[in-house]
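Encoded as structure tokens, the structure appears first; notes follow it.
Keep in mind it's a predicted model, so treat the numbers as computed, not measured.
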Amino acid sequence: MFQKLKEKFYSLYTVKNYRQLSPYIQPYWKRALLALLITIPIGGMDAVIAWALKPYMDVVMVEKNTSSTTYLPILIIFFSLLQSILNYLATYLNTWVGRKITNDLKADLYKKLLHNDTHFFDTTTSGDVQFRYNNDVEMACSGLLANVKLFTTRVFSSISLIFVLFYNSWQLALVAVVMLGGALYPLTTVRKKLKDLMNQNVFAGGAIATSYNETFSGNRVISSYNLYDYAYNRFKNDLHMLFRIGIKMIQRTGLISPLMHFIVSLGIALVIWLGSYLIVNHEISSGNFVSFIAALIMLYNPIKSIGNNFNAVQMSLMAIERVFNLLKKEPSIKNKPNAKKLTKVKEGIEYKDVCFEYVKNKPILKHINLKVKVGETIAFVGNSGGGKTTTVNLLPRFYDIKSGSLMIDGIDIRDYDLDSLRDKIAIVFQDNFLFAGTIRENILLGNQHATQKEIDQAINSACLTDFIKTLDKGLDTEIGERGVLLSGGQKQRIAIARAFLKNAPIVILDEATSALDNKSEGIVQQAIENLMADRTVFIIAHRLSTVKNADKIIVINNGEIVEEGKHEELLAKENSAYAALYRTQIK
């Protein structure tokens, strides 16, 4: 039975988990080892009190002689004080190492999160990210390391107490150890019972976090549409799901601690019965028996409550598995070995028979062929959902094409180093994301080493100068999370200034003015025209009035290029799809 228990134990505390953690423990191994070594005397000193009871009982209680036992109370006080000091040191060191490992893991996971491809963010909620990239690390490290001290202390305590048991009576010790094995056996079933529920718990926890995030970001929509009851009921449903999972965990593992308590109590009862027989037959002394019972209770008492701690450790181990699964996962968009650096765009860009799909067997782009020379402005127009944005999103490799090739200067973009490729592309979105902080900090994201002269030039080119002058703190004005304190036009112009500082040869304008009023559009359009000068530009537009001057207008419907040419050419063309769109907007 003990061999089986040992095998189960090692299957639960898999060597793999510790091998994976070892690089994170390595920088702090001295403190970690010291914290572990301190638990040896902490646990070992538990046996001192139990061992001291034998001479006390035999000499004082039986022989009524106190002269030879005056040292015992002093000895017990000394060891208790020493144990308390060592406990504090072990707790401090364990917490210090635990927090360091947690921070290092979080940093690596965050780096992994930053480099995930766009598809990951398309299919993952903010709550899932929060739970899997932050909460799981806390559970993995804090939960595990918090219990390491407890378990190692109890292991060494158990070893020393078992020694006291055999010292007093090998017969009683055998009974006690057998019952100890029986009490620990239910722990071998914990992992199997918890694994599926823990995965469900991660999903439910992510849903709760998503509700908080959506409430924060969507508070104006909730208020304007009176969605209080709707949002509240969704949150209540998520809470109910989490509640049901918690109850299932208790149903599957809640009996373990009571069962261990019963087996332990049964062991104590058997020892008392057998011990009474041995005392009557003078095989052990009263001192042996009292010392044995004290050691047994000190050994068994923690065992009765260890089930809950063991559950927590199992959850931590499963969290470690999830964390390292994330760390091992490779993004689908990554560099090829020996990828080339893109230093300059000399000739142009070519889409050659490009096909793409988000979902397998559901094509979005069908055999796109397009040549763009350096310095040209290309406008994409067409019906909603036709593939305009997708076509342009392939250029910075937000997604990889299914077939065909997308080339810069005759070389497939998948052969270029990803960072050098994206460094040559500046993008102004319809809804540009601004980070919490100042206007200056957000503009500098385009080039964090820009001089003040370069910043001033970017501000002027983005038509921001007059607006900045109206602010008391100028460029150092705080804009709030996501730029909530700015208007749409102001946010767009900050994004354009950021693009100016990047000074990339390729510019993508993704419906950059479609959400603005006429006055704001006029100002932003001037900033955009400044940005477009001497660059290769891709414009995605619904408002056809903004693309009249493009060198080439590409009409994309249902994933196919149906027309291309200049504004006047397409208007003059018979049965022109572009002309139909244009006349509709004019009306």
Side-chain angles (χ1 to χ4, degrees), residues 340-356 364-382 386-418 420-429 496 499-500 502-513 528-544 546-557 559-570 573 576-578 581:
K340 301 175 182 178
K341 293 279 187 180
L342 178 60
T343 57
K344 187 177 181 182
V345 181
K346 300 175 183 177
E347 299 173 13
I349 300 160
E350 181 179 2
Y351 289 76
K352 190 172 183 179
D353 204 32
V354 169
C355 297
F356 175 77
I364 301 297
L365 298 181
K366 309 164 191 174
H367 308 287
I368 299 295
N369 290 281
L370 175 65
K371 289 185 178 181
V372 182
K373 296 178 182 178
V374 167
E376 280 191 325
T377 295
I378 307 299
F380 292 94
V381 300
K388 302 184 298 295
T389 299
T390 300
T391 302
V392 175
N393 281 342
L394 296 177
L395 188 56
R397 288 190 70 192
F398 292 156
Y399 308 91
D400 270 343
I401 61 178
K402 179 188 175 185
S403 62
S405 60
L406 174 50
M407 298 175 286
I408 295 179
D409 293 346
I411 298 174
D412 195 296
I413 62 171
R414 290 169 291 188
D415 294 326
Y416 284 120
D417 173 77
L418 190 57
S420 71
L421 170 67
R422 292 175 177 172
D423 191 49
K424 301 297 179 290
I425 303 171
I427 306 177
V428 180
F429 298 97
I496 292 169
F500 266 111
K502 189 172 186 181
N503 195 27
I506 300 171
V507 172
I508 296 174
L509 303 171
D510 189 355
E511 301 188 28
T513 63
I528 287 174
E529 288 176 9
N530 294 340
L531 178 63
M532 291 167 57
D534 302 320
R535 290 179 172 89
T536 305
V537 181
F538 293 85
I539 303 174
I540 302 165
H542 278 303
R543 296 183 185 179
L544 302 188
T546 62
V547 301
K548 289 180 181 180
N549 297 323
D551 296 308
K552 192 181 294 182
I553 296 172
I554 309 298
V555 183
I556 297 182
N557 286 333
E560 297 179 297
I561 295 179
V562 296
E563 285 178 354
E564 61 179 282
K566 287 183 174 289
H567 174 72
E568 294 80 6
E569 295 172 355
L570 294 177
K573 187 177 178 181
S576 167
Y578 177 79
L581 278 173

> Mind checking whether I408 and L421 have side chains closer than 4.5 Å, heavy atoms only?
Replying inline: yes
>> Would you call the rings of F380 and F538 parallel, tilted or perpendicular, taking 30° and 60° as the class edges?
In response: parallel
> Can you tell me if R422 uses its side chain to pair, donor with acceptor, with the backbone of R397 under 3.5 Å?
Replying inline: yes
> So which heavy atom on V507 is nearest to which on R535, and how close?
Replying inline: CG2-CD, 3.3 Å
> Are D417 and K341 close enough, and set up right, to give a salt bridge (Lys or Arg N to Asp or Glu O under 4.0 Å), and what steps lead you there?
Replying inline: CA-CA 5 Å; D417 173 77; K341 293 279 187 180; 3.7 Å; yes
>> Looking at every non-hydrogen atom in both residues, tell me the closest pair between V547 and A541 and how far apart they are.
In response: CG1-CB, 3.6 Å
> Quick one: does Y578's side chain have a donor or acceptor within less than 3.5 Å of a partner on I553's backbone?
Replying inline: no
> Can you check whether K373 reaches D551 side chain to side chain, under 4.5 Å on heavy atoms?
Replying inline: no
>> One pair to check against side chain to side chain contact (heavy atoms under 4.5 Å, CB included): V392 and D510. What are the steps and the verdict?
In response: CA-CA 9 Å; V392 175; D510 189 355; over 6 Å; no
>> For the CG atom of L395 and the CD1 atom of I413, what is their distance to the nearest 0.5 Å?
In response: 6.0 Å
>> What verdict does the side chain to side chain contact (heavy atoms under 4.5 Å, CB included) test give for I506 and I349, after you've listed the backbone C-alpha separation in whole Å, the side-chain angles of each residue and the deciding distance to 0.1 Å?
In response: CA-CA 10 Å; I506 300 171; I349 300 160; 3.7 Å; yes
> Can you name the closest pair of heavy atoms from K552 and L370 and give their distance?
Replying inline: CD-CD1, 4.2 Å
> When the ring planes of F398 and F429 are compared, do they come out parallel, tilted or perpendicular, using 30° and 60° as the limits?
Replying inline: parallel
> Taking all non-hydrogen atoms of both residues, which atom of L581 and which atom of G382 are closest, and how far apart?
Replying inline: CD1-CA, 3.9 Å
> Looking only at heavy atoms, which two atoms of N369 and D353 are closest? And how far apart?
Replying inline: OD1-N, 2.7 Å
>> Tell me the closest heavy-atom pair linking S420 and K340, and the distance in Å.
In response: OG-O, 4.0 Å
> Hey, are the side chains of I368 and L394 touching, using non-hydrogen atoms and a 4.5 Å cut-off?
Replying inline: no
>> Whether the side chain of E563 engages the backbone of A577 through a donor-acceptor N/O pair (distance < 3.5 Å, no angle test) should be reported.
In response: yes
> NZ of K352: more than 12 outside heavy atoms within 6.0 angstrom?
Replying inline: no
> Rounded to the nearest 0.5 Å, how far does CG of L365 lie from NE2 of H367?
Replying inline: 11.0 Å
> Is there a donor-acceptor pair closer than 3.5 Å between any side-chain N or O of D412 and the backbone N or O of S405?
Replying inline: no
> Taking K424 for the side chain and V345 for the main chain, is one N or O donor matched with an acceptor at less than 3.5 Å?
Replying inline: no
>> Measuring from atom NZ of K366 to atom NZ of K402, what distance do you get when rounded to the nearest 0.5 angstrom?
In response: 12.0 Å
> Once you round to the nearest 0.5 Å, how far does CE of M407 lie from CD of E347?
Replying inline: 10.5 Å
> Under 4.5 Å between any side-chain heavy atoms of I425 and I508, yes or no?
Replying inline: yes
> Do the non-hydrogen side-chain atoms of E529 and N549 ever get within less than 4.5 Å of each other?
Replying inline: no
>> Using only atom types and a distance under 3.5 Å, with no angle test, would you say the side chain of D409 pairs donor to acceptor with the backbone of G348?
In response: yes
